[in-house]
Protein chains: 2
Amino acid sequence: MQRRGSTAVESNTWGSVRERLRERGLRWTPQRRNLVEVLARTDGHITGAELVARCRVADSATTPSTVYRTLDVLEELGVLQHCHGVDGREEFHVMPASEHGHLFCKACGGTWDIDDAEASALLGALRDDRDFVADLSHLTVVGRCRQCAEVATRG
Amino acid sequence: MQRRGSTAVESNTWGSVRERLRERGLRWTPQRRNLVEVLARTDGHITGAELVARCRVADSATTPSTVYRTLDVLEELGVLQHCHGVDGREEFHVMPASEHGHLFCKACGGTWDIDDAEASALLGALRDDRDFVADLSHLTVVGRCRQCAEVATRG
DNA sequence: GGGGTTGATGCAACGAGTTGCATTTGCCAC
DNA sequence: GTGGCAAATGCAACTCGTTGCATCAACCCC
Ligand SMILES: [Mn+2]
Ligand SMILES: [Mn+2]
Ligand SMILES: [Zn+2]
Ligand SMILES: [Zn+2]
């Protein structure tokens, strides 16, 4: 089986992006291919600025506006999600092992995942009381962790 | 009782700002006084950019960096808090009637407050399970409200 | 393969916010 | 009132991200 130049992207989700775009009358361009290849090699959380930098490795002519617009499109396609870091900046989730929210300690900068079970207390209450379906993967909770609370109390 | 030029700010919290600054060795400047006067006239949520604009009404020479730095100081003094709008931008709470979190519908842009009782489900779980003290006033939950969920299902 | 449609790109200008640094000034002690 | 110290200001430069618009090119149809 011979490998042609334009078929390097694989791995379920990413391999289907071209098709998902076409279904909506959208186009598969070299710039989008470059970004998708970068995303396919990434996991965890990553900012737009960092994605621009990584795209520039393969294509030094990469333009921020194109990357940000493509990220919007990929999120609409549902192959990507974002949340907000403790400073409010967008961070993109690339293929999380499982859906999760985010817990930040504003004192030590520590960060933890909030899983479905843990979040169901709030999310379930909102759903039952208001029929409001909250987005766990977009959730960021900020506060003070055990260690930092202890330090503050002792101080 | 004669009113002197520098005693216009009143109303409990705002009137005490000068004193709170001095306790920490910080200074009461015309720029800070202007911002505090603007804040005393404001309620609800407001962005930094909007506060800069309002400060400029009284002092057209207002500089953004000074305003943003003063907002940081006021937040450290505890006379101000911020949360994040649906786009992640900081919004300052000025004297809320009661502490609350924020609920956003990403479809219709609707927004609601989350009160203490409603949030205690999640916040209590985090406290019990992890000794994590979450900050309700910083909390923003995004999702889809009842009406928007119905529309999506029907469509 | 060639042509036309329309979505995508690149660019330039802009807005929001941050930071380092030289200068100014509030505040306190005398 | 005067002087000195340290905090605050203003400015310029910068980062990150967004938007309008002219140009380009992916895709579809023949
Ligand atoms: Mn914040
Ligand atoms: Mn968001
Ligand atoms: Zn901590
Ligand atoms: Zn809605």
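These values consider heavy atoms only, across backbone and side chains, with no hydrogens, waters or symmetry-generated copies. Sequence lines set the chain letters: A, B, ... in the order given, protein chains first and strands last, and positions in each chain run from 1.
Residue R69(A) places none of its side-chain N or O atoms closer than 4.0 Å to OP1 or OP2 of dT18(D). A close approach under 4.0 Å does occur between a side-chain nitrogen or oxygen of R89(B) and OP1 or OP2 of dG17(C). Residue Q31(A) places none of its side-chain N or O atoms closer than 4.0 Å to OP1 or OP2 of dA25(D).
Side-chain atoms of R20(B) and S16(B) include a donor-acceptor pair closer than 3.5 Å. Residues S137(A) and Q81(A) bring a donor and an acceptor atom of their side chains to less than 3.5 Å of each other.
In this structure, the CG atom of N34(A) is 15 Å from the C1' atom of dG10(C), given to the nearest Å. If you take CD of E90(B) and C1' of dT18(C), they are 12 Å apart, rounded to a whole angstrom. R24(B) has its CZ atom 17 Å from the C1' atom of dA8(D), to the nearest Å. In this structure, the CG atom of D72(B) is 17 Å from the P atom of dA7(D), given to the nearest Å. L71(B) places its CG atom 15 Å from the P atom of dA16(C), with the value rounded to the nearest Å. Between the P atom of dA16(C) and the CG atom of D87(A) lies a distance of 18 Å, rounded to the nearest Å. If you take CD1 of I46(A) and P of dG17(D), they are 11 Å apart, rounded to a whole angstrom. Per the geometry, CG belonging to L77(B) stands 14 Å off C1' belonging to dA8(D), to the nearest Å.
Where D59(A) and G48(B) meet DNA chain C, the nucleotide closest to each residue was compared, and D59(A) sits on the side nearer the 5' end. The nearest heavy atom of DNA chain D to T66(B) and to G25(B) marks one nucleotide each, and the one closer to the 5' end goes with G25(B).
Within 6.0 Å of CZ in R127(A) there are 12 or fewer heavy atoms belonging to other residues, nucleotides or ligands.
For dC11(D), its base never sits under 3.5 Å from the side chain of T63(B) at any donor and acceptor pair.
For the pair R146(B) and E150(B), the salt-bridge criterion is not met [side-chain N within less than 4.0 Å of a carboxylate O].
Of the residues listed (R18(B), R22(B), E19(B)), the one engaging W28(B) in a side chain to side chain contact (heavy atoms under 4.5 Å, CB included) is R18(B), and it is the only one.
Taken from CG in L139(A) to NE2 in H100(A), the straight-line distance is 10.5 Å, to the nearest 0.5 Å.
Residue contacts for S65(A): at a heavy-atom cut-off of 4.0 Å it reaches a base atom on one of the strands shown.
You'll find the ring centres of H102(A) and H84(A) outside the 6.0 Å limit.
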Next item on the list: Take nucleotides 24-30 of chain C nucleotide by nucleotide from the 5' end and write B, S or -, depending on whether a protein heavy atom sits under 4.0 Å from the base, only from the sugar-phosphate, or from neither.
Entry: -BBSS--
